[in-house]
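Remember, predicted model here, so these are calculated numbers, not experimental data. Along the sequence shown, the residues carry numbers beginning at 1.
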Amino acid sequence: MQKSIINKLLILLVTLQCLNGYSQVLRKRTTLLMGGRFDISIVDKDSLSAEQNIDLVIAEITRIENLISDWKSDSQVSEVNQNAGIKPVKVDREVFELAQRAIQLSEITNGGFDVSFAAMDRIWKFDGSMTEMPSAEAIKKSVEKVGYKNIILDSTESTIFLKLKGMKIGFGALGEGYATDKCRAIMIGKGIKAGIINGSGDMSTWGKQPNGNDWKIGITNPFKPEKILAAVPLKEGAVTTSGSYEKFVVFNGKRYSHIINPATGYPATGLCSVTVFGPNAETANGLSTSMMVLGQTEGLLLIQKFPDYSCVMITDKGKVIKSKNFGYKL
């Protein structure tokens, strides 16, 4: 299972306005962290204070990256992976609890989401080089080391143990959302009235634009990327999109997404984009990724278990489907 943020979210921002009788400044910065792009927007009393708070956000994202990135050899997650089949590894409580939540989502989705997807063999190619489907045997073999049930957590010792040699865990489908949520909490704790932290499409927002309006998040039509289906107001919450319309292959008239079902090794089919709204970007991203894998029917059943979250799905044929609690016209 790979995380994909293809359906780019449009942020409609105002650069400088007045709110509550005093001047507020919106400052923005873009940087590369956690293997992707972060767009950081802070509304503050002046430019200097805003830039200093953006520095704090970047420092926090960097801290989380150094803790959980499985591509950094000295991170705690990499140490867990290096000791798969050998011994449990003690990790910070923060990492342990993130693993707990990831396994809970793996259980709820019956493996449609699986934090151990990082061990999957990358036999599917979406760069135009594939001329035929991998064999059923190769697909089955590609997920031999994937299986969240083989992850042993010890809450007392705060350890993670991967039972099988060659197993790996990775937070690619949750980490950026987790980071944006953490940064939002830090900024609110400092009294910063408003902002958006956007990690490759995993977006946490709070407060209002300097002109007093809610932030507006545009849902892009994947078949017409220059157009948006709707601009949804978001005062304090999160939105994430998982999609596949730029990376896929077609065999025998069937479209195969680059988002892989970790339980089967086969690419997701049926949906080309899922956008989830809710209070928490970590959860929203886990849901949008899972729903891409599970498909329309099971995906809608999944999000019903999370009443604070709503979604918009777009099928491979361009049909737009909303969860019952999605309250905006498209």
Side-chain angles (χ1 to χ4, degrees), residues 5 7-31 33 36-61 176-221 225-241 275-285 288 308-312 322 325-330:
I5 306 299
N7 188 12
K8 295 185 180 71
L9 300 176
L10 175 65
I11 311 172
L12 308 177
L13 301 175
V14 177
T15 57
L16 179 61
Q17 294 286 348
C18 241
L19 179 63
N20 296 330
Y22 63 91
S23 178
Q24 286 197 317
V25 174
L26 171 63
R27 299 295 294 176
K28 297 185 285 183
R29 196 186 308 171
T30 296
T31 187
L33 291 163
R37 170 175 166 164
F38 272 77
D39 296 291
I40 303 160
S41 304
I42 297 292
V43 177
D44 209 340
K45 59 186 178 182
D46 57 54
S47 295
L48 177 60
S49 180
E51 292 291 349
Q52 288 172 339
N53 280 305
I54 289 174
D55 288 339
L56 287 177
V57 167
I58 290 173
E60 175 65 3
I61 298 167
E176 286 168 330
Y178 172 69
T180 67
D181 289 335
K182 286 281 287 183
C183 292
R184 176 178 61 184
I186 289 171
M187 291 295 102
I188 291 173
K190 281 179 56 64
I192 303 306
K193 300 297 185 184
I196 294 181
I197 316 294
N198 180 5
S200 299
D202 292 358
M203 189 181 304
S204 293
T205 76
W206 72 102
K208 293 177 177 285
Q209 297 185 59
N211 66 350
N213 293 334
D214 291 337
W215 304 105
K216 288 187 177 180
I217 310 303
I219 303 175
T220 303
N221 182 339
E226 72 282 0
K227 295 183 178 181
I228 61 171
L229 293 172
V232 179
L234 200 65
K235 180 179 179 180
E236 183 166 336
V239 57
T240 69
T241 295
T275 299
V276 173
F277 293 82
N280 177 288
E282 177 194 327
T283 301
N285 188 267
S288 63
D308 292 334
Y309 293 80
S310 62
C311 76
V312 176
K322 301 181 291 183
N325 60 343
F326 186 80
Y328 302 96
K329 290 184 178 181
L330 296 179

[atom1]/[X] to [atom2]/[Y] distance, rounded to the nearest 0.5 angstrom?
{"X": "Lys322", "Y": "Thr275", "atom1": "NZ", "atom2": "OG1", "value": "13.5 Å"}
{"X": "Glu60", "Y": "Leu33", "atom1": "CD", "atom2": "CG", "value": "11.5 Å"}
{"X": "Glu176", "Y": "Asn285", "atom1": "CD", "atom2": "CG", "value": "8.0 Å"}
{"X": "Lys182", "Y": "Ile61", "atom1": "NZ", "atom2": "CD1", "value": "12.5 Å"}
{"X": "Asp214", "Y": "Leu234", "atom1": "CG", "atom2": "CG", "value": "8.0 Å"}
{"X": "Ile196", "Y": "Thr180", "atom1": "CD1", "atom2": "OG1", "value": "11.0 Å"}

For Asp39 and Thr30, test the side chains for any donor-to-acceptor distance below 3.5 angstrom and give the result as yes or no.
-> yes

Considering non-hydrogen atoms only, spot the tightest contact between [X] and [Y] and give its length.
{"X": "Pro279", "Y": "Arg184", "value": "O-NH2, 2.8 Å"}
{"X": "Val25", "Y": "Ser47", "value": "CG1-OG, 3.7 Å"}
{"X": "Lys208", "Y": "Ala194", "value": "O-CB, 3.1 Å"}
{"X": "Ser41", "Y": "Lys28", "value": "OG-CG, 3.4 Å"}
{"X": "Ala50", "Y": "Arg27", "value": "CB-CG, 3.4 Å"}
{"X": "Phe326", "Y": "Ser310", "value": "CD1-OG, 3.6 Å"}

Tell me, with the steps shown, if Val43 and Lys193 meet side-chain contact (heavy atoms from CB on, under 4.5 Å).
-> CA-CA 7 Å; Val43 177; Lys193 300 297 185 184; 5.7 Å; no

Contact check, side chains of [X] and [Y], non-hydrogen atoms, under 4.5 Å:
{"X": "Tyr309", "Y": "Asn280", "result": "yes"}
{"X": "Val57", "Y": "Asn53", "result": "no"}
{"X": "Val239", "Y": "Met203", "result": "yes"}
{"X": "Ile197", "Y": "Trp206", "result": "yes"}
{"X": "Ile228", "Y": "Ile219", "result": "no"}

Derivation of the side chain to side chain donor-acceptor pair (under 3.5 Å) call for Asp181 and Ser204 | CA-CA 6 Å; Asp181 289 335; Ser204 293; 2.7 Å; yes

Side-chain (Gln24) to main-chain (Lys45) donor-acceptor, under 3.5 angstrom | no

Expected output: side-chain Thr240 to main-chain Ala284 donor-acceptor under 3.5 Å = yes

Kindly indicate, with the supporting measurements, whether the criterion side-chain contact (heavy atoms from CB on, under 4.5 Å) is fulfilled by Met187 and Leu56.
-> CA-CA 9 Å; Met187 291 295 102; Leu56 287 177; 4.2 Å; yes

Arg29 atom CZ: more than 12 heavy-atom contacts under 6.0 Å =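 Atom CZ in Arg29 is packed in, count exceeds 12.
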
Phe38: ring pair (Phe, Tyr, Trp, His ring centres under 6.0 Å) partners, not counting sequence neighbours | none

